[in-house]
Amino acid sequence: QVQLVESGGGLVQAGGSLRLSCAASGRTFSSYAMGWFRQAPGKEREFVAAISWSGSSTYYAYSVQGRFTISRDNAKNTVYLQMNSLKPEDTAVYYCAADSTSWGKVAPWRYDYWGQGTQVTVSS
């Protein structure tokens, strides 16, 4: 089992940047593929990015390609989401999730563990 805690959210102007972090408990972090999701008010939770166990493979939603970068540091049990060129439509609660079976999944229900989320608000 793994527990996830996100941080780094906040209020930023359009065009700005934020880096989200997700710290995982436990000694088996490297055995989990990780993903970032987001949920805006009144909308379904949507996939943002995913990263494989070693970090060698990544996958992004079309809406964030070229602007967001997912990475991980297994020595620190942490996964990151660097968000650049932020837009008002990026405003949402951002969640990290862990998957013990395979990587690159885009359906939220296929992930095993979730953090509590961190709010990102982008003003125009």
Side-chain angles (χ1 to χ4, degrees):
Q1 187 170 348
V2 63
Q3 293 182 328
L4 305 172
V5 179
E6 301 96 335
S7 61
L11 173 64
V12 63
Q13 289 187 335
S17 298
L18 282 175
R19 188 176 83 154
L20 305 183
S21 299
C22 173
S25 65
R27 295 174 288 181
T28 59
F29 176 69
S30 60
S31 66
Y32 291 93
M34 300 298 294
W36 283 98
F37 289 77
R38 66 187 182 187
Q39 189 167 17
K43 295 187 177 181
E44 294 186 351
R45 191 167 299 188
E46 66 172 0
F47 170 78
V48 175
I51 191 166
S52 61
W53 306 269
S54 67
S56 60
S57 298
T58 58
Y59 179 63
Y60 297 92
Y62 179 78
S63 59
V64 306
Q65 279 184 356
R67 300 189 298 122
F68 291 11
T69 302
I70 187 172
S71 62
R72 66 190 295 165
D73 186 339
N74 286 341
K76 295 182 178 180
N77 282 10
T78 303
V79 63
Y80 304 98
L81 185 68
Q82 177 67 45
M83 305 186 295
N84 299 328
S85 302
L86 282 161
K87 305 174 181 180
E89 51 263 44
D90 294 318
T91 295
V93 177
Y94 283 71
Y95 299 89
C96 67
D99 183 350
S100 61
T101 58
S102 62
W103 85 278
K105 297 174 181 175
V106 301
W109 61 269
R110 301 191 69 177
Y111 284 76
D112 303 308
Y113 304 103
W114 291 86
Q116 83 291 345
T118 185
Q119 176 70 48
V120 172
T121 303
V122 184
S123 62
S124 58

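No chain of hydrophobic side-chain contacts below 4.5 Å, direct or via other Ile, Leu, Val, Met, Phe, Trp or Tyr residues, connects Y111 to Y113. A single hydrophobic cluster is seen to contain both W103 and V106, as judged by linkage of ILVMFWY side chains at heavy-atom distances under 4.5 Å, directly or through other members. In this structure, L86 is a member of the same hydrophobic cluster as Y60, with clusters built from ILVMFWY side-chain heavy atoms closer than 4.5 Å. Placement of F47 and V64 in two distinct hydrophobic clusters is found when ILVMFWY residues are connected by side-chain heavy-atom separations under 4.5 Å, directly or transitively. Hydrophobic clustering (side-chain heavy atoms under 4.5 Å, transitive across Ile, Leu, Val, Met, Phe, Trp, Tyr) keeps V2 apart from Y95.
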message: If you apply the rule side chain to side chain contact (heavy atoms under 4.5 Å, CB included), what do you find for L81 with V79, and how did you get there?
response: CA-CA 7 Å; L81 185 68; V79 63; over 6 Å; no
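Using a distance-only test at 3.5 Å, with no hydrogens or angles considered, no donor-acceptor pair links the side chain of Q116 to the main chain of V5. Panel note: side chain T58, backbone I70; no donor-acceptor pair is recorded below 3.5 Å. A donor-acceptor pair under 3.5 Å links the side-chain atoms of R72 to the main chain of W53, judged by distance alone. At least one donor-acceptor pair closer than 3.5 Å links the side chain of T78 to the backbone N or O of K76. No donor-acceptor pair closer than 3.5 Å links the side chain of T118 to the backbone N or O of Y94. No donor-acceptor distance shorter than 3.5 angstrom exists from the side chain of E6 to the backbone of L20, with no hydrogens or angles considered.
Rounding to the nearest 0.5 Å places SG of C22 at 10.5 Å from CH2 of W114. Rounding to the nearest 0.5 Å gives a distance of 9.5 Å between CG of L11 and CD of Q119. Distance check: S25 OG to L4 CG gives 7.0 Å after rounding to the nearest 0.5 Å.
Under a cut-off of 6.0 angstrom, the local environment of CD in E44 is sparse, with at most 12 non-hydrogen atoms contributed by other residues, nucleotides or ligands. When the shell of 6.0 Å around CD of E46 is examined, it contains more than 12 heavy atoms from other residues, nucleotides or ligands.
What you find for V120 and G9 is that their closest heavy atoms are CG2-CA, 4.1 Å. Considering every non-hydrogen atom in both S54 and N74, the closest pair reads CA-ND2, 4.3 Å. What you find for S124 and A14 is that their closest heavy atoms are CA-CB, 4.4 Å. Nearest approach of A92 to A40, heavy atoms of both residues: CB-N, 3.8 Å.
Judged as a salt bridge (Lys or Arg N to Asp or Glu O under 4.0 Å), the pairs with a partner in residues 78-102 (not counting sequence neighbours) are, in order, R38-D90, R67-D90, D99-K105.
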For residues 29-37, tabulate all N or O donor-acceptor pairs below 3.5 Å that involve a side-chain atom, not counting sequence neighbours.
residue: S31; atom: OG; partner: T28; partner atom: O; Å: 2.6
residue: W36; atom: NE1; partner: Y80; partner atom: O; Å: 3.3

